[in-house]
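Read through the structure below, which is laid out as structure tokens, and then see the notes.
Residues: numbered from 1 along the sequence shown. Values reported hereafter were calculated over all heavy atoms of this structure, with side chains retained and with hydrogens, waters and symmetry mates removed.
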Amino acid sequence: MGLLLCLPFFLLLSAASPLNDVSNSSCSANFTDPLRHLNSSGLHLTLHHPRSPCSPAPFPDLPFSAILSHDEARVRSLAARLTKSVPKPVSSLLRPAAISVPLSPGNSIGVGNYVTRINLGTPAKSNVMVVDTGSSLSWLQCSPCSVSCHAQVGSVFNPASSATYRAVSCSASECDSLESATLNPSACSQSNVCIYQASYGDSSFSVGYLSKDTLSLGSGQIVANFVFGCGQDNEGLFGRSAGLIGLARNRLSLLSQLAPSLGYSFSYCLPTTASTGYLSIGSDKPGQYSYTPMQSSSLDDTLYFVRLTSITVGGRGLPVSSSAYTGTPTVIDSGTVITRLPSDVYDALSRAVAAALRGYPRAPEYSILDTCFKGGLSRLAVPAVEMVFQGGATLRLAPRNVMIDVDSSTTCLAFAPSGRVAIVGNKQQETYSVVYDVGRLRIGFAAGGCG
């Protein structure tokens with residue numbers, strides 16, 4: 001089916017889907033303050049695992065096979081971005097009108113993305129948001145939800161209730177920047193308001209008005225005229241979040257808009273379901289990290305590329321050539337769950353891990369995971385696995401970063417093969433501090449980040 005934006009925007013369907021606020025779990029009441037603190041080192045936000053019972057907006061209790069299916073959709077859409085191929089449109093958004101523009105899906109969003117809060121508007125309203133390093137434009141659901149809003153925690157942002165809200169005109173430079181931020185062209189309403197179109201590889205999307213309002217950072221500090229999307233048609237697997245924070249390398253991303261006041265870097269620790277982590281924007285502690293150069297790529301200048309040079313298992317390098325690593329572009333991504341490796345590298349890793357665990361009974365493959373064992377992770381003597389990047393920066397993976405329990409009786413190697421793009425996924429990053437020092441074009445790793 002065609003995923004079409006039909007203009008003009010006033011022809012949005014008038015019958016919006018029912019919208020009900022969803023209350024937080026009792027557990028998440030412990031994490032109601034969106035800011036850890038704002039000081040000279042930057043802005044620090046609490047970060048939650050998307051499937052944590054203590055998340056302010058927990059995602060549906062999906063079987064892990066469904067999570068892997070959405071993860072695979074994200075990988076396919078990211079690969080399509082890098083090869084400049086446009087996936088087939090997947091849905092019709094709006095009522096037919098004079099002009100129809102096909103939407104280009106970006107990354108799949110939702111089940112793999114971590115959750116935090118931001119304060120927007122005057123007076124400031126707290127909004128639960130998913131965080132994505134693979135997206136540029138930040139957006140959230142806005143009343144009157146002219147077409148559709150999914151159920152979210154808390155009330156939907158009401159532009160009419162904010163004294164500092166402004167719509168962005170079609171002639172504004174921010175409107176011209178939308179195509180590079182969303183991979184889709186901007187549109188214009190009859191009242192000369194810029195319309196954004198953000199679409200994702202799992203058929204999720206948000207369409208609405210490009211807007212500006214005040215972003216409150218805490219301690220009295222604000223960012224005036226923060227640019228974001230005010231969504232009027234928001235459909236897909238976003239959990240109970242209000243919207244999305246984009247951290248990619250683009251002038252419309254949250255990072256770029258905060259850079260003049262806080263610095264052009266951010267860091268995070270992605271937590272497990274049993275803990276909380278953080279997202280920090282601003283300066284970091286360079287001494288605690290080992291760094292690898294951030295690679296430039298003509299394939300997509302908004303994503304974060306690194307160069308993986310080797311993987312060791314039990315202290316031994318995999319028996320593959322160096323070109324097996326470098327022949328495929330590698331992206332580090334917060335929203336992809338399972339790390340994808342070039343096929344030759346993955347096959348060698350699978351064989352090495354299987355050899356190290358040869359005393360344990362094998363289990364059938366599970367979805368995209370084909371190196372599986374009977375029983376839970378806790379009973380396996382998982383070998384030490386290290387991912388080494390250009391410059392010597394190393395991710396020394398704990399057993400929980402190497403294997404994953406897919407159900408109560410099976411654990412699998414948390415890696416998969418990929419043909420067109422390698423991705424360092426969030427399962428391997430979990431509990432590490434990862435810094436994106438965009439100003440110095442480097443990415444750093446440090447163990448024990450969420451403690």
*Look only at the side chain of Ser211 and the backbone of Gly229, and say whether a donor-acceptor pair between them is shorter than 3.5 Å.*
no
*Decide yes or no for Arg249 and Leu303: does some side-chain heavy atom of the first lie under 4.5 Å from some side-chain heavy atom of the second?*
no
*Once you round to the nearest 0.5 Å, how far does SG of Cys170 lie from CG of Asn192?*
4.5 Å
*Which atom of Ile222 lies closest to which atom of Ser216, heavy atoms considered*: CG2-OG, 4.1 Å
*For Asn401, does its backbone N or O pair with a side-chain atom of Gln428 as donor and acceptor, under 3.5 Å?*
yes
*Determine whether the side chains of Thr302 and Arg81 contain a donor N or O and an acceptor N or O closer than 3.5 Å.*
yes
*State, yes or no, whether a side-chain contact exists between Ser267 and Tyr289 at a heavy-atom distance under 4.5 Å.*
yes
_Check: Leu270 main-chain N/O paired with Gln429 side-chain donor or acceptor under 3.5 Å_ = no
*asked:* Using 0.5 Å steps for rounding, measure from the CG atom of Asp437 to the OH atom of Tyr264.
replied: 11.0 Å
*For the side chain of Ser77 and the backbone of Ala73, is there at least one donor-acceptor N/O pair under 3.5 Å apart?*
yes
_Contacts of type side chain to side chain contact (heavy atoms under 4.5 Å, CB included), residue Arg307, not counting sequence neighbours_ = Gln295, Thr309, Thr326, Gln390
*asked:* Could you check whether Ser143 and Asn158, counting side-chain N and O atoms only, form a donor-acceptor pair closer than 3.5 Å?
replied: yes
_Can you confirm whether Asn426 sits close enough to Thr336 that some side-chain heavy atom of one is under 4.5 Å from a side-chain heavy atom of the other?_
no
*Using a strict cut-off of less than 4.0 Å between a Lys/Arg side-chain nitrogen and an Asp/Glu carboxylate oxygen, indicate whether Asp71 and Arg340 qualify as a salt bridge.*
yes
_Run the ring pair (Phe, Tyr, Trp, His ring centres under 6.0 Å) test against Phe389 and tell me which residues pass, sequence neighbours left out._
Phe445
*Please state whether the sulfur gamma atoms of Cys188 and Cys175 sit closer than 2.5 Å to each other.*
no
_Once side-chain hydrogen bond (donor to acceptor under 3.5 Å, both in side chains) is applied, do any residues pair with Ser253, and if so which ones, sequence neighbours excluded?_
Ser256
*Would you call the rings of Phe226 and Phe228 parallel, tilted or perpendicular if under 30° counts as parallel and over 60° as perpendicular?*
parallel
*Between Asn250 and Leu137, is there a donor-acceptor pair closer than 3.5 Å when you use the side chain of the first and the backbone of the second?*
no
*Can you find a heavy atom in the side chain of Ile118 that is under 4.5 Å from one in the side chain of Leu140?*
no
*Among Leu341, Leu397, Val388, the one residue meeting side-chain contact (heavy atoms from CB on, under 4.5 Å) with Ile311*: Leu341
*Can you tell me if Asp233 and Ser148 form a side-chain donor-acceptor pair at under 3.5 Å?*
no
*Gamma sulfurs of Cys450 and Cys269 within less than 2.5 Å*: yes
*Give a yes or no on whether the backbone of Lys125 and the side-chain of Asn127 come within a donor-acceptor separation of less than 3.5 Å.*
yes
*Is Tyr366 reaching over with its side chain to a backbone N or O of Ser65, donor-acceptor style, under 3.5 angstrom?*
yes
*Do Thr182 and Leu252 touch side chain to side chain, with heavy atoms closer than 4.5 Å?*
no
*When rounded to the nearest 0.5 angstrom, what distance separates SG in Cys412 from CD1 in Ile404?*
9.0 Å
*Do Tyr346 and Ser418 have a side chain donor and acceptor closer than 3.5 Å?*
no
*Residue pairs fulfilling ring-ring contact (aromatic ring centres under 6.0 Å, His included) with at least one residue in residues 115-149, sequence neighbours excluded*: Trp139-Phe238
*asked:* Could you tell me if the side chain of Glu179 sits less than 4.5 Å from the side chain of Ser186, heavy atoms only?
replied: no
*Are the side chain of Ser261 and the backbone N or O of Leu258 linked by a donor-acceptor pair below 3.5 Å?*
yes
*With sequence neighbours left out, which residue pairs that include part of residues 204-218 fulfil the salt bridge (charged side-chain N to carboxylate O under 4.0 Å, His left out) condition?*
Glu174-Lys212
*Got Leu262 and Leu217 here, is their nearest side-chain heavy-atom distance under 4.5 Å?*
yes
*Are the aromatic ring centres of His49 and Tyr114 under 6.0 angstrom apart?*
yes
*With sequence neighbours excluded, what pairs up with Tyr268 under the ring pair (Phe, Tyr, Trp, His ring centres under 6.0 Å) test?*
Tyr436
*Using only heavy-atom distances, determine whether the side chains of His44 and Ser280 contain a donor-acceptor pair under 3.5 Å.*
yes
*Checking Thr292 side chain against Ala393 main chain: does a donor-acceptor pair fall under 3.5 Å?*
no
*Does any N or O in the side chain of Gln197 come within less than 3.5 Å of the main-chain N or O of Phe205, such that one atom is a donor and the other an acceptor?*
no
